[in-house]
Amino acid sequence: MTQALGPQPLASRALSAQTMAAQALSPQALALPAQRAQERPSQAAERPLDFSIIRRLSACTRPYGRLRTWLLVLVVLRSVQLPTIAWLTARVISGPIRAHDPAGIALGVLGFLLWTGFTAVCFVYRSRLALELGEYVVRDLRHGIYRHLLSLPMSYFKRTEVGRLIGRVVHDVDSVRAGVQDVFFVTVVQVGSMVVSAALMAHYDWPLFLVVLAMAPGLWLVTRHFRKLTSSAYRQRSESFARVTASLAESVNGIREIQSFTRQERNAQAFAVRIDEHAELNMRGARLAAVFQPVLGFNGQVFLAVLLVLGGYQVLGGGVELDALIQFLFLSTSFFNAIPIVGEQYNQALTAMAGAERVFRLLDTRPDWQDAPDARDFARIEGRVEFHDVTFEYEPGVAVLSDVSFVARPGESIALVGHTGSGKSTIANLIAKLYLPSRGRVSIDGEDLRAMSGSSLHRQIACVTQHNFLFTGTVRENILVGRPQASSAEIEQALDALGVRDLIEALPAGLDSPVGERGAGLSSGQRQLVCFARAMIAEPRVVILDEATSSVDSVTEARVQQALLRLLAGRTSFVVAHRLSTILHADQILVLDHGRIIERGSHAELLRQDGVYARSYREFVSAQSVAWRD
């Protein structure tokens with residue numbers, strides 16, 4: 001039952017081994033397109049700058065208040081430094097240079113160099129602190145997303161593509177990084193520079209400054225027009241990247257099927273369509289950005305030309321001193337130079353906003369259900385499992401189980417038999433509390449599962465499934481997922497009990513043999529045996545075997561059957577199987593059809609009933625006889 005949570009450090013996997021193990025039973029691969037579509041962000045028009053998201057991003061920096069405070073000090077200081085550099089330049093030109101004063105020129109240049117040097121030092125530390133703050137926020141967001149994903153129930157993963165979740169953690173969080181470390185602080189620097197420049201310009205020539213203010217609405221209209229275009233482009237680009245990631249993840253997971261059915265060319269063509277679409281959206285955003293910034297810069301140059309004409313007319317008329325005009329023009333250059341940078345940061349802000357919107361949407365996703373606030377921990381369960389008129393629906397109105405009732409006494413073995421989709425794995429999911437029943441009640445030792453904490457239950461349930469998922473690491477580490485504190489001697493004892501120690505030790509490095517992603521490097525049968533050992537060492541009170549021997553050859557199966565009987569001895573067990581050979585010794589067999597129990601009893605009792613089970617058994621025996629003769 002350690003299948004569904006993906007690559008996680010082995011040390012942390014061990015802390016919740018049974019919880020992770022239980023998740024393997026979910027039919028998440030059967031998610032319908034309509035269900036998956038519910039997870040896709042809407043493309044409806046939205047305000048490009050959502051101040052609720054900005055406030056939330058600001059809250060992400062709160063744990064690093066001291067760093068943020070120093071950064072703000074440097075930002076404010078730099079916003080003053082930039083226009084004063086232009087002011088100093090103008091002062092040196094209009095003062096000592098105009099007066100032909102060598103000593104004054106030397107002092108002016110020295111002061112200019114000292115001030116620009118100090119400005120450069122401030123810039124270095126501002127950049128460094130901003131990068132550190134951005135990395136801290138990104139780290140926290142990725143930790144938060146991962147922990148939140150671990151808390152979501154299987155129903156969420158049933159309807160959500162893995163590639164979309166990867167896109168949240170990789171692409172969207174990196175977009176947020178730019179918003180935190182660049183957009184806000186660079187914008188404050190440039191806007192602050194514009195404010196200081198404006199104040200100084202008003203001081204030197206307030207009528208000419210009024211001309212600057214009169215031209216400001218033109219800049220605002222240009223910005224507003226491009227804002228609408230770029231907002232849509234960046235949101236579509238983010239969604240397109242999620243589709244590309246989802247398609248790639250699906251192809252990697254299904255590479256065996258792709259190659260087996262020679263679908264390489266068809267899948268490559270389908271992926272190329274998504275890549276082309278994403279490239280087109282990227283180019284559209286780039287084209288808009290390429291136009292937006294030069295337009296803003298050109299407007300600044302036009303405005304500067306207007307100021308030269310008007311200012312020159314004032315100087316010629318004697319209304320303004322040449323010194324004041326020089327100061328004003330240098331400051332206006334600083335003022336207008338900041339506008340394209342602010343426009344560039346606005347484009348980055350749109351990308352960051354789209355990423356933050358998607359990240360926070362994921363973090364705000366509430367589980368379909370959670371443990372009740374008063375749910376209790378149970379140190380030890382005896383293993384009496386009861387279903388009381390249980391009905392369950394993955395989708396509202398579509399019952400997968402209907403009015404299912406049965407009792408499994410401590411130590412009994414219950415076999416679940418039926419065609420694919422009859423509800424066998426769903427019963428196992430409910431026992432493991434991966435889902436809660438839509439109606440009715442599931443209880444263990446007389447306690448409703450709703451009153452039992454999931455963590456205490458999962459520690460006492462183990463499962464072996466046909467998927468035999470293994471984590472990247474070693475064979476030893478994968479076995480220890482079942483009980484991290486187990487010693488090497490206990491691992492060997494578990495392997496001896498299963499009768500497969502020699503098979504594991506025959507691996508190139510024995511228990512220390514490396515295991516690749518999803519068990520790569522081991523055969524299907526070897527992966528299955530490692531899962532058996534993981535379940536054995538967990539010492540569970542309830543065991544679920546979901547097609548547990550489907551990946552084991554007949555010779556190996558004969559060796560593990562007795563070991564499985566010893567594993568199940570004294571423990572309540574549920575055996576989900578299509579192969580009747582694995583359930584002949586069950587205390588009770590439940591035959592399911594379309595979510596209902598249609599027959600129940602021991603193997604001998606069901607044969608005497610001569611119903612569905614008896615017919616299936618006769619077909620099984622006949623098929624085995626033919627196979628033996630062949």
Side-chain angles (χ1 to χ4, degrees), residues 1-5 10-25 376-385 408-414 428 431-434 444-445 447 449 452-465 468-471 473-501 503-504 511 527-546 548-549 559-576 585-587:
M1 291 188 345
T2 55
Q3 276 87 328
L5 291 183
L10 282 170
S12 61
R13 299 172 204 152
L15 296 177
S16 57
Q18 302 307 319
T19 304
M20 294 186 295
Q23 297 186 3
L25 299 177
R376 293 178 292 160
D377 287 338
F378 285 75
R380 179 180 172 83
I381 61 175
E382 295 302 319
R384 180 184 177 89
V385 179
R409 298 174 181 80
E412 281 191 343
S413 177
I414 308 298
I431 294 170
K433 200 180 178 182
L434 299 181
I444 293 184
D445 296 348
E447 292 285 347
L449 286 191
M452 184 180 297
S453 70
S455 59
S456 67
L457 175 65
H458 295 152
R459 283 193 296 267
Q460 303 181 69
I461 293 180
C463 179
V464 180
T465 77
N468 50 62
F469 183 94
L470 299 180
F471 295 103
T474 65
V475 171
R476 184 190 306 275
E477 289 171 330
N478 273 280
I479 293 175
L480 286 175
V481 167
R483 186 158 57 92
Q485 68 275 20
S487 65
S488 295
E490 289 174 315
I491 294 176
E492 293 172 356
Q493 290 172 6
L495 294 174
D496 286 334
L498 288 171
V500 297
R501 181 174 176 181
L503 297 177
I504 298 300
L511 285 168
R527 291 197 299 269
Q528 194 75 75
L529 293 177
V530 174
C531 292
F532 290 161
R534 184 164 59 193
M536 174 72 80
I537 207 167
E539 298 181 350
R541 299 303 306 154
V542 176
V543 178
I544 300 173
L545 306 177
D546 190 353
T549 59
R559 296 182 60 180
V560 302
Q561 282 297 336
Q562 291 301 316
L564 288 177
L565 290 177
R566 290 193 291 272
L567 168 65
L568 302 182
R571 299 182 173 98
T572 308
S573 61
F574 294 85
V575 181
V576 179
H585 303 292
D587 296 298

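Quick note: numbers below take in every heavy atom, side chains included, and nothing from hydrogens, waters or symmetry partners. We number each residue from 1, following the sequence as shown.
- For the pair K433 (side chain) and L449 (backbone), a donor-acceptor distance under 3.5 Å is present.
- Here CD1 of I479 is found 11.5 Å from CE of M536. Values are rounded to the nearest 0.5 Å.
- Remark: R459 CZ to D377 CG distance equals 6.0 Å, nearest 0.5 Å.
- The distance from the CD atom of E477 to the CG atom of L470 is 12.0 Å, given to the nearest 0.5 Å.
- In this structure A486 satisfies the side chain to side chain contact (heavy atoms under 4.5 Å, CB included) test together with L480, R483, E490, I537, sequence neighbours excluded.
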**Asked** Can S413 and V575 be said to form a side-chain contact (heavy atoms from CB on, under 4.5 Å), step by step?
**Response** CA-CA 7 Å; S413 177; V575 181; 4.1 Å; yes

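- Between the side chain of T572 and the backbone N or O of G411, at least one donor-acceptor pair lies under 3.5 Å.
- Shortest non-hydrogen contact noted between N478 and F471 is OD1-N, 2.8 Å.
- Minimum heavy-atom separation, F378 to S456: N-OG, 3.3 Å.
- In this structure, the side chain to side chain contact (heavy atoms under 4.5 Å, CB included) partners of D445, at least two apart in sequence or on a different chain, are I381, E382, R384.
- One N or O on the side chain of R571 and one on the backbone of P540 form a donor-acceptor pair closer than 3.5 Å.
- Listed here is the closest heavy atom pair of R541 and R380: CZ-NH2, 3.3 Å.
- Between the CD1 atom of I414 and the OG atom of S573 there is a distance of 7.5 Å, given to the nearest 0.5 Å.
- Between atom CZ of residue R501 and atom CD of residue E492 there is a gap of 4.0 Å, rounded to the nearest 0.5 Å.
- Nearest heavy atoms, I491 versus R476: CD1-CG, 3.8 Å.
- The line from CD1 of I431 to CD1 of I444 is 7.5 Å long, rounded to the nearest 0.5 Å.
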